Amino acid sequence: MKKLILLSLLFISCQETSNDIVVDPAVEDMYIRYNKAWSDGDFETITNEIYSVPFSLYLQDSTVILNSSEDIKNFLIMTFNELESNNYGYSNRNSWESYKIDDNLVIVEQNFTRFFKDSTIMGPEERTASYILRKSEGKFQISGMVPHTTIAK
């Protein structure tokens, strides 16, 4: 009976830890910088350090390919202007939903919350977005994104 209880406890603890997602520290660092830059409306950092060229945005009804840094910058300026007009304040990552690494490619989904400037929640409490990252010259950059909610609302 003691063995059965011990095995049951071991099985339960293994199930709990198997859901923990361990993210490469370089990816974690890139997302910390990305979330800060996004919250700050820092299109220069995102354009020059976070997004890679070309950048693909997979929307529900279309796919947008941004073929240059200038295209990315213009897209971000337009997005941040819309966020500003909607009284956007900042975003916080809540958790990683999924993470898969294959050599120099990563597919990751993060769960996050957006807040208005007064720190009340903007829209759904939990949003998700999926990202494709590619490692180039020793660092990961986002080469594609699937927003699962509206980007600027």
Side-chain angles (χ1 to χ4, degrees), residues 14-153:
C14 286
Q15 280 186 315
E16 289 174 4
T17 58
S18 68
N19 291 330
D20 292 339
I21 296 173
V22 178
V23 176
D24 182 302
V27 172
E28 179 75 37
D29 177 62
M30 193 266 317
Y31 270 95
I32 289 169
R33 290 184 298 110
Y34 178 48
N35 287 331
K36 181 179 180 346
W38 188 271
S39 292
D40 294 343
D42 184 355
F43 58 84
E44 293 289 350
T45 295
I46 297 171
T47 299
N48 297 322
E49 299 176 24
I50 307 296
Y51 288 176
S52 68
V53 175
F55 178 82
S56 302
L57 182 60
Y58 300 95
L59 303 172
Q60 293 301 318
D61 58 352
S62 63
T63 301
V64 177
I65 308 292
L66 304 173
N67 288 309
S68 69
S69 293
E70 192 66 25
D71 290 344
I72 292 171
K73 182 177 175 180
N74 290 335
F75 161 74
L76 290 169
I77 289 171
M78 182 181 68
T79 300
F80 291 136
N81 284 341
E82 188 174 348
L83 283 166
E84 178 66 26
S85 73
N86 290 327
N87 203 29
Y88 169 76
Y90 61 95
S91 298
N92 282 337
R93 183 180 70 228
N94 302 322
S95 64
W96 298 111
E97 296 287 319
S98 62
Y99 177 81
K100 174 112 175 119
I101 188 164
D102 183 15
D103 293 327
N104 293 324
L105 291 173
V106 172
I107 298 172
V108 64
E109 184 173 85
Q110 74 168 327
N111 177 305
F112 61 98
T113 302
R114 287 213 177 123
F115 295 89
F116 289 111
K117 289 181 181 178
D118 68 1
S119 296
T120 58
I121 294 173
M122 179 181 190
E125 184 173 348
E126 293 191 358
R127 299 170 181 248
T128 58
S130 299
Y131 302 86
I132 301 166
L133 285 64
R134 181 178 303 275
K135 191 173 196 177
S136 177
E137 298 178 14
K139 65 179 186 172
F140 285 103
Q141 289 185 297
I142 300 172
S143 64
M145 177 174 59
V146 181
H148 301 292
T149 56
T150 317
I151 294 177
K153 293 185 181 181

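Predicted, not measured: the structure shown is a model, and the values here were computed from it. Residues: numbered from 1 along the sequence shown.
- Here K36 pairs with D40 under the side-chain contact (heavy atoms from CB on, under 4.5 Å) rule; sequence neighbours left out.
- Every pair passing salt bridge (Lys or Arg N to Asp or Glu O under 4.0 Å) that includes a residue from residues 85-108 is listed here, sequence neighbours excluded: E28-R93.
- The two atoms that bring S52 and I72 nearest to each other are O-CD1, 3.7 Å, heavy atoms only.
- Residues F80 and L83 meet the side-chain proximity criterion, which asks for heavy atoms closer than 4.5 Å.
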When the side chains of residues 41-48 are checked against the rest of the protein, which donor-acceptor pairs come out under 3.5 Å, sequence neighbours left out?
unit_1	atom_1	unit_2	atom_2	d
D42	OD1	E44	N	3.4
D42	OD1	T45	N	3.0
D42	OD1	T45	OG1	3.3
D42	OD2	T45	OG1	2.6
E44	OE1	N48	ND2	3.4
E44	OE2	K73	NZ	3.4
T47	OG1	F43	O	2.7
N48	ND2	E44	O	3.0

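- Here S85 pairs with E82 under the side-chain contact (heavy atoms from CB on, under 4.5 Å) rule; sequence neighbours left out.
- With sequence neighbours excluded, the residues satisfying ring-ring contact (aromatic ring centres under 6.0 Å, His included) with F55 are Y51.
- T128 places no side-chain N or O within 3.5 Å of a backbone atom of N111 that could act as its donor or acceptor partner.
- Tested against L133 for a side chain to side chain contact (heavy atoms under 4.5 Å, CB included), the candidates V27, I50, L105 yield a single pass: V27.
- When the side-chain contact (heavy atoms from CB on, under 4.5 Å) test is applied to D118, the partners found at least two apart in sequence or on another chain are F116, T120.
- Among residue pairs with one or both ends in residues 89-115, those qualifying as ring pair (Phe, Tyr, Trp, His ring centres under 6.0 Å) are Y31-W96, Y90-F115; sequence neighbours excluded.
- In this view, K135 satisfies the salt bridge (charged side-chain N to carboxylate O under 4.0 Å, His left out) rule with no residue, not counting sequence neighbours.
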Counting only pairs under 3.5 Å, give me each side-chain donor-acceptor contact of residues 141-152, with atom names and distances, residues two or more places apart or in other chains.
unit_1	atom_1	unit_2	atom_2	d
Q141	NE2	E49	O	3.3
S143	OG	I132	O	3.3
H148	NE2	E109	OE2	3.2
H148	NE2	S130	OG	2.8
T149	OG1	R127	NH1	3.4

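- Looking at residues two or more places apart in sequence or on another chain, you find no salt bridge (charged side-chain N to carboxylate O under 4.0 Å, His left out) involving E70.
- Side chains of L57 and L66 form no contact here, defined as non-hydrogen atoms less than 4.5 Å apart.
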Start with the C-alpha distance between F140 and I101, add both sets of side-chain angles, then the distance that settles side chain to side chain contact (heavy atoms under 4.5 Å, CB included), and finish with yes or no. CA-CA 11 Å; F140 285 103; I101 188 164; 4.1 Å; yes

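- Residues passing the salt bridge (charged side-chain N to carboxylate O under 4.0 Å, His left out) test with D24, sequence neighbours excluded: none.
- By the side-chain contact (heavy atoms from CB on, under 4.5 Å) test, T63 is found to be paired with Y58, I65, residues two or more places apart in sequence or in another chain being considered.
- From M122, atom CE reaches atom CG of N86 across 4.5 Å, with rounding to the nearest 0.5 Å.
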